[in-house]
Amino acid sequence: MNELLEPFDRMLEALVTPAAVRAVEGGASAVAMWRELAASGFLDALVDEQHGGAGLSLADVQPLIAAVGARAVPLPVGETMVARALLARAGVPIPQGPIVLATSAVSGQIVPCAQVAEHVLVDTGSGLVLTGIGDLSPVATGVYHALAARLVWTGPIVGLALPRPAKGLRPIAAVLRAALISGAAARLTDMAARYANERVQFGKPIGRQQALQQSLAVMAEDMIAVRIASQLGCAGGLDVGATVAAVAKSTASAIAARVANTAHAVHGAIGISEEYDLQLLTRRMHEWRAADGSEGYWNTVLGGARLADAAGTVDWVRAQVPV
């Protein structure tokens with residue numbers, strides 16, 4: 001995947017600078033940024049070849065979504081990739097603007113990046129409906145500089161209808177969040193290690209302190225664990241099962257809080273300052289942690305699935321989680 005990841009990450013590095021992210025969060029238009037992303041062709045990575053896409057699997061695209069998380073991209077890139085693939089599969093016309101995923105038909109749900117989206121793909125429980133973002137009355141959450149919005153509606157959702165994946169949109173969205181968290185965790189681990197080696201206190205880098213070294217070691221372990229969980233979640237393609245999604249998202253959500261906490265502990269007061277880039281990532285990690293089911297929600301799903309099966313635990317894991 002390096003042949004895809006390297007040019008994709010170079011594009012993000014040039015296009016999605018911290019200054020550009022702050023501008024979009026402050027209310028500036030993201031249209032120019034979106035046009036560059038669309039022109040690159042990466043948004044059709046999951047679309048099958050007969051419909052003009054690259055025909056890649058979700059596992060192939062996982063490193064790209066992780067890169068989106070690492071760069072704090074203020075647009076629903078992974079969500080649009082998934083939506084475009086599902087629309088193409090159903091033979092439904094694909095809109096050009098950014099698309100977010102509403103994973104249930106419950107009004108009032110909070111959807112990441114809804115403030116910068118043009119369309120919503122809604123899981124009604126019996127099918128999917130593509131509708132305009134304005135039709136669902138997005139309301140800002142009130143969280144400082146967050147691009148998420150609460151979608152509110154009454155009555156049936158009107159738009160283009162298409163078939164629903166077997167397990168719905170929520171498992172797919174959950175593994176997308178896990179991939180985003182894995183990318184942000186890797187970036188935060190690098191930032192924390194670099195800062196610990198550069199910040200000098202009492203005549204030596206703080207990274208030489210044994211207690212801080214232990215914290216960084218655990219942070220690195222968590223970073224690898226969430227990467228593996230994300231890869232497992234994406235291994236089965238777009239037909240994501242609830243059990244696999246539960247493993248990926250419960251792991252990622254729990255780790256998101258620990259990694260963010262450690263990153264801030266290492267950086268101290270500077271980490272929470274608006275001028276420092278750390279908070280661009282940690283704010284998003286907490287948002288992704290809660291989106292489409294927190295670790296509590298997915299642990300309940302996972303526990304229910306395990307208790308419903310009489311097989312031994314090792315055999316059950318082998319059968320349920322692809323390796």
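Criterion: ILVMFWY side-chain heavy atoms under 4.5 Å apart, direct or through other members. Under it, Val175 and Tyr297 are not part of a common hydrophobic cluster. Linking ILVMFWY residues whenever their side-chain heavy atoms come closer than 4.5 Å, directly or via other members, leaves Leu176 and Val47 in distinct clusters. Under the 4.5 Å side-chain contact rule for hydrophobic residues, Leu232 and Trp316 share a cluster. Val116 and Leu281 fall within a single hydrophobic cluster, where Ile, Leu, Val, Met, Phe, Trp and Tyr are joined by side-chain heavy atoms under 4.5 Å apart, directly or via other members. Leu147 is connected to Met33 through a chain of hydrophobic side-chain contacts under 4.5 Å among Ile, Leu, Val, Met, Phe, Trp and Tyr, so both are in one cluster.
Using a 4.5 Å heavy-atom cutoff, the side chains of Gln320 and Val244 are not in contact. Looking at heavy atoms from C-beta onward, Glu25 lies in side-chain contact with Arg283 at the 4.5 angstrom threshold. Looking only at side-chain heavy atoms (C-beta outward), Ile206 and Val200 stay at 4.5 Å or farther from each other. Residues Ile99 and Leu87 meet the side-chain proximity criterion, which asks for heavy atoms closer than 4.5 Å. Between Pro138 and Val152 there is no side-chain heavy-atom pair separated by less than 4.5 Å. Residues Arg208 and Asn197 form no side-chain contact, since every pair of their non-hydrogen atoms from C-beta on lies 4.5 Å or further apart. Counting heavy atoms from C-beta outward, Met285 and Val259 have side chains that approach closer than 4.5 Å. In this structure, Met219 and Arg258 have side chains that are not in contact, with every pair of non-hydrogen atoms separated by 4.5 Å or more.
Using modelled atom types, no side-chain atom of Ser273 and backbone atom of Ala269 make a donor-acceptor pair closer than 3.5 Å. In this structure, Arg187 contributes its side chain and Ala70 its backbone to a donor-acceptor pair below 3.5 Å. Checked by atom type and distance alone, the side chain of Trp288 never pairs as donor or acceptor with a backbone atom of Ala179 at under 3.5 Å. A donor-acceptor distance shorter than 3.5 angstrom exists from the side chain of Arg84 to the backbone of Pro95, with no hydrogens or angles considered. A donor-acceptor pair under 3.5 Å is absent between the side-chain atoms of Ser253 and the main chain of Ser250, judged by distance alone.
Between Thr103 and Asp123, the side chains place no donor N or O within less than 3.5 Å of an acceptor N or O (distance only, hydrogens not considered). For the residue pair Thr131 / His119, no side-chain donor-acceptor distance below 3.5 Å is found, with atom types taken as modelled.
Scanning all heavy atoms of the two residues, the minimum distance from Ala148 to Ile110 falls at CB-CG2, 3.9 Å. Shown here for Val21 and Ala72, the closest heavy-atom pair between the two residues is CG2-O, 3.5 Å. Here the closest non-hydrogen pair linking Gln62 and Cys234 is CG-SG, 3.7 Å. Between Arg284 and Val73, the closest heavy-atom pair is NE-O, 4.4 Å. Shortest non-hydrogen contact noted between Ala291 and Pro112 is CB-CG, 3.7 Å. For Leu302 against Ala246, the heavy-atom pair with the smallest separation is CB-CB, 3.9 Å.
Clustering of Ile, Leu, Val, Met, Phe, Trp and Tyr side chains at separations under 4.5 Å places Trp153 together with Val100, Val111, Val120, Val122, Val129, Ile133, Leu136, Leu151, Ile157.
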request  = Could you please spell out the steps behind the salt bridge (charged side-chain N to carboxylate O under 4.0 Å, His left out) verdict for Lys249 and Glu295?
outcome  = CA-CA 7 Å; Lys249 188 57 162 61; Glu295 62 268 41; over 6 Å; no
inquiry  = I'd like to know whether Leu188 forms a side chain to side chain contact (heavy atoms under 4.5 Å, CB included) with Thr282, so could you lay out the CA-CA distance, the side-chain angles of the two residues, the decisive distance to 0.1 Å, and finally the verdict.
reply    = CA-CA 8 Å; Leu188 287 172; Thr282 55; 3.9 Å; yes
request  = Please assess Arg22 against Asp277 for the test side chain to side chain contact (heavy atoms under 4.5 Å, CB included), listing each intermediate value before the final yes or no.
outcome  = CA-CA 10 Å; Arg22 287 183 172 87; Asp277 294 345; 3.0 Å; yes
key: side chain to side chain contact (heavy atoms under 4.5 Å, CB included) between Trp34 and Thr80, intermediate numbers included   = CA-CA 11 Å; Trp34 183 258; Thr80 302; 3.4 Å; yes
message = Apply side chain to side chain donor-acceptor pair (under 3.5 Å) to residues Thr313 and Arg306 and explain how you reach the verdict.
response = CA-CA 8 Å; Thr313 297; Arg306 176 65 193 95; 3.1 Å; yes
ask   = Hey, mind stepping through Phe42 and Leu64 against side chain to side chain contact (heavy atoms under 4.5 Å, CB included) and telling me if it holds?
value = CA-CA 9 Å; Phe42 282 105; Leu64 306 186; 4.0 Å; yes
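Sorted by first and then second residue, the pairs that involve residues 139-150 and meet side chain to side chain donor-acceptor pair (under 3.5 Å), not counting sequence neighbours, are Tyr144-Glu274. Pairs of residues two or more places apart, or lying in two chains, that qualify as side chain to side chain donor-acceptor pair (under 3.5 Å) and include a residue from residues 109-118 are Ser104-Gln109.
Note that CZ of Arg227 is 9.0 Å distant from OG1 of Thr189, once rounded to the nearest 0.5 Å. To the nearest 0.5 Å, atom CG of residue Leu58 and atom CD1 of residue Ile172 are 8.0 Å apart. With values rounded to the nearest 0.5 angstrom, Asp222 atom CG is found 7.5 Å from Thr262 atom OG1. How far CD1 of Ile272 is from CG of Leu278: 10.5 Å, rounded to the nearest 0.5 Å. Distance NZ/Lys204 to CD/Gln209: 6.5 Å, rounded to 0.5 Å. For the atom pair Arg71 CZ and Met11 CE, the distance stands at 11.0 Å (nearest 0.5 Å).
Using the six-membered ring where Trp is involved, His267 and Tyr195 have ring planes that are parallel, under 30° apart on the 30 and 60° scheme.
Looking at Asp239 and Lys167, no side-chain N of the basic residue comes within less than 4.0 Å of a carboxylate O on the acidic one, giving no salt bridge. Glu79 and Arg177 are joined by a salt bridge, as a carboxylate oxygen and a charged side-chain nitrogen come within less than 4.0 angstrom of each other.
Summarising the local packing, CD1 of Ile224 is surrounded by more than 12 heavy atoms from other residues, nucleotides or ligands at distances under 6.0 Å. By the neighbour-count criterion of 12 heavy atoms within 6.0 Å, atom CD of Gln210 is sparsely surrounded, having that number or fewer from other residues, nucleotides or ligands.
For the side chain to side chain contact (heavy atoms under 4.5 Å, CB included) with Leu86, the qualifying choice from Leu169, Leu130, Val92, Leu46 is Leu169, the only one to do so.
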